[in-house]
Amino acid sequence: MDEQVAQKTPKLGFGLMRLPGRGLGMDVAQVSRMVDLFLEAGFTYFDTAHVYAGSEDAIRKALVERRPRESYTLATKLYAAMSPSAKSAKRQFETSLERTGAGYFDYYLLHSAGYEADAVAYGATTLRGFIESWAPDLVSAGRVEGDGLHVVWRRRAE
C-alpha cells in the first residue's frame with residue numbers, strides 16, 4: 001500500500017452501507033450532517049460500494065460536492081457476484097466513479113472476498129487476469145491512488 005495514502009487515512013472509517021432514508025431515497029441533509037460531524041472529529045475515511053443502494057449518490061451530494069477532494073479519502077469496492085467478466089467489472093468501476101463524482105478513489109477493494117460464494121464469483125471473473133491487466137492502468141491514469149487494487153481478506157466467524 002502506498003505509504004502516503006496510508007498515513008493520511010485515520011483508523012476509523014465512515015461506512016456508507018446503511019444510511020438514513022427519506023421516502024424512497026436517502027436523507028441527504030441528514031447524511032450531510034453526519035459527514036460534517038465525522039470530519040469535524042478529525043476522521044477522513046469514507047467507504048462505499050457499488051452494491052450499497054443509493055450510497056454513492058448520497059456521498060457525492062453530502063461530501064464530494066461540498067468538500068475539497070484532498071480533504072478526505074474514499075474507497076469503493078468491486079463486487080464480483082455482479083461482474084462475471086472483466087468487461088463488467090470495468091463497467092462497475094466506471095459506474096461507481098460516475099455516481100460518486102470523486103474523480104478518483106483512494107482505495108479500490110474487493111467486496112466480501114473472504115466468503116465462499118463470493119470467492120467462487122471472484123474465480124469466475126478470472127480476477128487474477130483482471131487485476132494484472134487493468135488495475136495498474138487505474139493507478140497510472142490517476143483513477144486509484146496508492147498502488148492500485150487492494151484485496152481485503154476476512155475470515156468468516158466460526
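Bear in mind the structure is a predicted one, so any value in this text is a computation, not a measurement. The chain is numbered in sequence order, starting from 1.
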Are Val35 and Phe46 packed together at the side-chain level, in the sense that at least one heavy-atom pair is separated by less than 4.5 angstrom? yes
Can you name the closest pair of heavy atoms from Lys61 and Arg66 and give their distance? O-CD, 3.3 Å
With sequence neighbours left out, write down each residue that passes salt bridge (charged side-chain N to carboxylate O under 4.0 Å, His left out) with Glu65, or none if nothing qualifies. Arg60
Which residues pass the side chain to side chain donor-acceptor pair (under 3.5 Å) test with Arg67, sequence neighbours left out? Asp36
Does a side-chain heavy-atom distance below 4.5 Å link Leu19 with Phe14? yes
Kindly determine whether Met34 and Leu63 satisfy side chain to side chain contact (heavy atoms under 4.5 Å, CB included), including the steps that lead there. CA-CA 10 Å; Met34 294 165 66; Leu63 176 67; over 6 Å; no
Please find the pair of heavy atoms, one from Thr44 and one from Phe38, that lie closest to each other, and give the distance. N-CE2, 4.0 Å
Side chain to side chain donor-acceptor pair (under 3.5 Å) involving Ser96 - partner list, sequence neighbours excluded: Glu56
Looking only at atom types and distance, does a side-chain atom of Asp106 sit under 3.5 Å from a main-chain N or O of Ala75, one as donor and one as acceptor? no
If you take all heavy atoms of Ala102 and Leu74, which pair is closest and at what distance? CB-CD2, 3.6 Å
Name the atoms and distances for all side-chain donor-acceptor pairs under 3.5 Å in residues 23-31, with sequence neighbours left out.
residue, atom, partner, partner atom, Å
Asp27, OD1, Ala29, N, 3.4
Asp27, OD1, Gln30, N, 3.1
Gln30, OE1, Arg33, NE, 3.4
Gln30, OE1, Arg33, NH2, 2.7

For a 4.5 angstrom cut-off between non-hydrogen side-chain atoms, does Thr76 reach Thr100? no
Quick one, Phe93 and Leu78 - any side-chain contact, counting heavy atoms below 4.5 Å? no
What closest approach, in Å, do Tyr52 and Lys77 show between heavy atoms, and which atom pair accounts for it? OH-NZ, 3.3 Å
Separation between CG of Leu16 and CD1 of Ile59, rounded to the nearest 0.5 Å: 4.5 Å
For Ser55 and Ala49, the nearest pair of non-hydrogen atoms, with its separation, is OG-O, 3.9 Å
One should read off an interatomic distance between Leu37 CG and Phe43 CZ, to the nearest 0.5 angstrom, of 12.0 Å
